[in-house]
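Have a look at the structure below, then the notes.
All chains are named by letter (A, B, ...) in the order of the sequence lines, taking the proteins before the strands, and each is independently numbered beginning at 1.
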Protein chains: 4
Amino acid sequence: MNSVNLIGRWTRDPEMRFTQNGKALTKVSIAVNRTFGEGADFFEVVIWGKIAENTAQYTKKGSKVGIEGRLQQETWEKDGQKRSKVVIVAERVEFLDNKNSQSNNEIDGFQAIDDDDDIPF
Amino acid sequence: MNSVNLIGRWTRDPEMRFTQNGKALTKVSIAVNRTFGEGADFFEVVIWGKIAENTAQYTKKGSKVGIEGRLQQETWEKDGQKRSKVVIVAERVEFLDNKNSQSNNEIDGFQAIDDDDDIPF
Amino acid sequence: MNSVNLIGRWTRDPEMRFTQNGKALTKVSIAVNRTFGEGADFFEVVIWGKIAENTAQYTKKGSKVGIEGRLQQETWEKDGQKRSKVVIVAERVEFLDNKNSQSNNEIDGFQAIDDDDDIPF
Amino acid sequence: MNSVNLIGRWTRDPEMRFTQNGKALTKVSIAVNRTFGEGADFFEVVIWGKIAENTAQYTKKGSKVGIEGRLQQETWEKDGQKRSKVVIVAERVEFLDNKNSQSNNEIDGFQAIDDDDDIPF
DNA sequence: TTTT
DNA sequence: TTTT
């Protein structure tokens with residue numbers, strides 16, 4: 001079992017690229033406010049596939065999102081030394097902003113929740 | 001282990017009362033939209049203590065919230081028959097609405113996320 | 001967002017059948033012990049596909065499992081009255097028993113954790 | 001919202017100390033097997049208070065546990081450079097081993113699940 | 001209806 | 001009984 005749930009805001013614009021296999025990969029980082037008003041924690045988020053594309057297209061720095069995913073340890077070498085860090089692989093991303101939100105029918109794989117009264121859900 | 005995380009909207013105004021022990025108890029129900037735009041699921045939510053008071057005071061029918069909690073089975077008797085249902089005991093409630101959101105410093109036990117554009121990211 | 005994580009034991013043997021579409025569907029219920037030793041909560045669990053088959057094959061009444069999934073509201077009519085209940089749709093099931101545990105290579109879609117003493121930690 | 005749920009095994013003995021405030025603090029790391037049998041991810045875990053004491057006393061390297069908690073970013077300076085890493089602050093720890101498991105009445109704050117048939121639950 |  |  002490996003399950004993570006967060007609500008926060010992107011601290012920068014999501015950056016999407018396509019891997020050699022043609023799969024979309026978006027990287028972004030999230031600020032999660034602490035419960036008792038003392039600052040935030042910042043985590044790196046990795047998103048694959050259609051959700052990666054939607055996130056890059058419909059959200060930006062400052063966007064509020066809810067994410068469901070799992071923790072992953074990324075490892076690499078630098079100067080002959082093994083390094084590692086923890087990232088969140090998001091398997092679902094939910095737009096929580098007014099401006100950016102879209103209907104579920106328009107954006108595949110997203111669950112948008114709107115605040116505007118004039119949007120025809 | 002017993003952990004639940006939801007984002008949705010209250011389907012009615014939260015109803016708060018105080019138990020005989022003087023502890024605040026709020027009951028409300030939440031609509032959680034499904035991932036692929038086909039309707040919603042509706043769950044009952046129970047909240048205790050200071051968070052119960054804040055929820056009753058600062059949210060209402062239609063308010064968007066994120067909740068962390070656990071599943072609980074409530075049992076009772078009706079017409080001599082045992083009945084039971086599943087409710088969510090919310091241990092944290094996060095306001096996700098513009099209108100209702102307050103700073104973490106103002107509302108004890110809540111993590112509010114503002115939609116203002118002046119966030120220092 | 002709709003995410004549930006539980007650890008508990010099946011209170012009865014998992015019952016599997018195939019739907020008209022040929023998809024495996026397993027129903028079972030789980031007992032989740034409360035944190036402070038005062039009894040348990042009982043929830044219904046629904047599992048689809050290959051995981052449904054594996055659960056039916058490799059677990060039974062009393063088996064200890066960890067499950068990741070989501071809450072779902074089931075509705076039906078009885079005596080002309082609308083009835084509804086909450087079930088957990090398990091998207092991952094992890095075997096936590098010695099006897100039943102199998103390697104990840106043997107059972108597709110499962111993450112088994114063995115109790116053997118020869119783990120290379 | 002910031003919620004993490006993991007099942008895995010300690011990769012080393014939990015190390016407990018008391019902070020200047022007299023609060024118990026246990027550090028340990030966990031190996032979480034991946035879903036499809038390809039290795040594991042390793043995360044650092046921090047535990048406070050009574051649960052920290054129980055974890056240090058009743059579990060050891062190789063112990064299987066379920067943890068509920070939250071993600072936290074730890075930051076420090078090294079060689080004048082800001083460094084940071086992600087750790088899991090465990091708010092609940094559930095013993096999943098036969099050998100180590102104890103009844104809920106004996107160990108405060110733990111939910112133990114036994115595999116032995118001869119333990120009088 | 002309930003697991004250990 | 002249901003939110004947007």
Side-chain angles (χ1 to χ4, degrees), chain A residues 94-98 101-105 110-121, chain B residues 2 6-15 27-34 37 39-45 59-67 73 75 81-85 96-100, chain C residues 2 6-15 27-34 37 39-45 59-67 73 75 81-85 96-100, chain D residues 94-98 101-105 110-121:
Chain A
E94 190 165 335
F95 300 155
L96 299 171
D97 272 338
N98 303 333
S101 61
Q102 306 285 125
S103 104
N104 285 319
N105 298 326
F110 273 81
Q111 177 185 19
I113 296 187
D114 267 283
D115 283 331
D116 296 346
D117 292 328
D118 55 351
I119 292 197
F121 263 39
Chain B
N2 180 339
L6 301 172
I7 293 177
R9 287 182 183 279
W10 299 145
T11 63
R12 51 186 174 86
D13 288 335
E15 285 166 29
K27 297 194 173 184
V28 63
S29 77
I30 191 170
V32 177
N33 289 318
R34 295 192 172 164
D41 293 284
F42 299 87
F43 308 113
E44 293 186 43
V45 178
T59 67
K60 58 179 197 294
K61 178 175 174 173
S63 291
K64 182 165 49 172
V65 296
I67 69 185
Q73 189 193 211
T75 57
Q81 280 207 294
K82 272 194 176 170
R83 301 269 285 115
S84 109
K85 68 180 174 188
L96 299 172
D97 272 338
N98 303 332
K99 316 130 194 170
N100 301 322
Chain C
N2 180 340
L6 301 173
I7 293 176
R9 287 183 183 278
W10 299 144
T11 64
R12 50 185 174 88
D13 287 335
E15 284 166 28
K27 297 195 174 183
V28 63
S29 77
I30 191 171
V32 177
N33 289 318
R34 295 192 172 164
D41 293 284
F42 299 86
F43 308 113
E44 292 186 43
V45 177
T59 67
K60 59 179 197 294
K61 179 175 173 174
S63 290
K64 182 165 51 171
V65 296
I67 68 185
Q73 189 194 211
T75 56
Q81 281 206 294
K82 272 193 176 171
R83 302 269 285 114
S84 111
K85 68 179 173 188
L96 299 171
D97 271 337
N98 305 333
K99 315 132 195 169
N100 301 322
Chain D
E94 190 166 333
F95 301 156
L96 300 171
D97 271 338
N98 303 333
S101 61
Q102 307 284 127
S103 103
N104 285 317
N105 297 327
F110 274 81
Q111 178 186 17
I113 297 186
D114 267 283
D115 281 330
D116 297 346
D117 293 327
D118 55 351
I119 292 197
F121 262 40

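- Rounded to an integer number of Å, the gap from Lys85(C) NZ to dT1(F) P is 17 Å.
- A straight line from CG of Asp41(C) to P of dT3(E) spans 14 Å, rounded to a whole angstrom.
- Under a 3.5 Å cut-off, the side chain of Asp13(C) and the backbone N or O of Lys60(C) do not form any donor-acceptor pair.
- Taking Gln73(B) as the reference, nothing meets the side chain to side chain donor-acceptor pair (under 3.5 Å) condition, with sequence neighbours excluded.
- For Glu44(B), the side-chain atoms get nearest to dT1(F) when compared with the rest of dT3(F), dT3(E), dT1(F).
- With hydrogens and angles disregarded, no donor-acceptor distance shorter than 3.5 Å links the side chain of Arg9(B) to the backbone of Ala31(B).
- In this entry the distance linking CD1 of Ile30(B) with P of dT2(F) reads 17 Å, nearest Å.
- Atom NZ in Lys27(B) sits about 19 Å away from atom P in dT1(F), given to the nearest Å.
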DNA chain E in dot-bracket, Watson-Crick or G-U pairs under 3.5 Å, [ ] crossing, | other strand? ....
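- Separating the CG atom of Asp13(C) from the C1' atom of dT2(E) is a distance of 13 Å, rounded to the nearest angstrom.
- Comparing dT1(F), dT3(F), dT4(E) against the side chain of Ala40(B) picks out dT3(F) as the nearest.
- Counting to the nearest Å, the C1' atom of dT3(E) and the CG atom of Asn2(B) are 15 Å from each other.
- For Lys61(C), the salt bridge (charged side-chain N to carboxylate O under 4.0 Å, His left out) criterion is met by no residue, not counting sequence neighbours.
- The side chain of Thr11(B) lies closest to dT3(F), out of dT4(E), dT2(E), dT3(F).
- Under a 3.5 Å cut-off, the side chain of Lys64(B) and the backbone N or O of Leu96(A) do form a donor-acceptor pair.
- OP1 or OP2 of dT3(F) has not a single side-chain nitrogen or oxygen of Lys64(B) nearer than 4.0 Å.
- One atom, CD of Gln81(C), and another, C1' of dT1(F), lie 13 Å apart when rounded to the nearest Å.
- One atom, NZ of Lys60(C), and another, C1' of dT4(E), lie 13 Å apart when rounded to the nearest Å.
- The listed nucleotides are dT3(E), dT1(E), dT1(F); the one nearest the side chain of Lys82(C) is dT1(F).
- Judged purely by distance below 3.5 Å, without hydrogens or angles, the side chains of Trp10(C) and Thr59(C) pair a donor atom with an acceptor atom.
- Scored by the side chain to side chain donor-acceptor pair (under 3.5 Å) test, Lys85(B) finds Glu44(B) as partners (sequence neighbours excluded).
- In this structure, the aromatic ring of Phe42(B) is positioned over the six-membered ring of the base of dT2(F), centres within 5.5 Å and planes within 30°.
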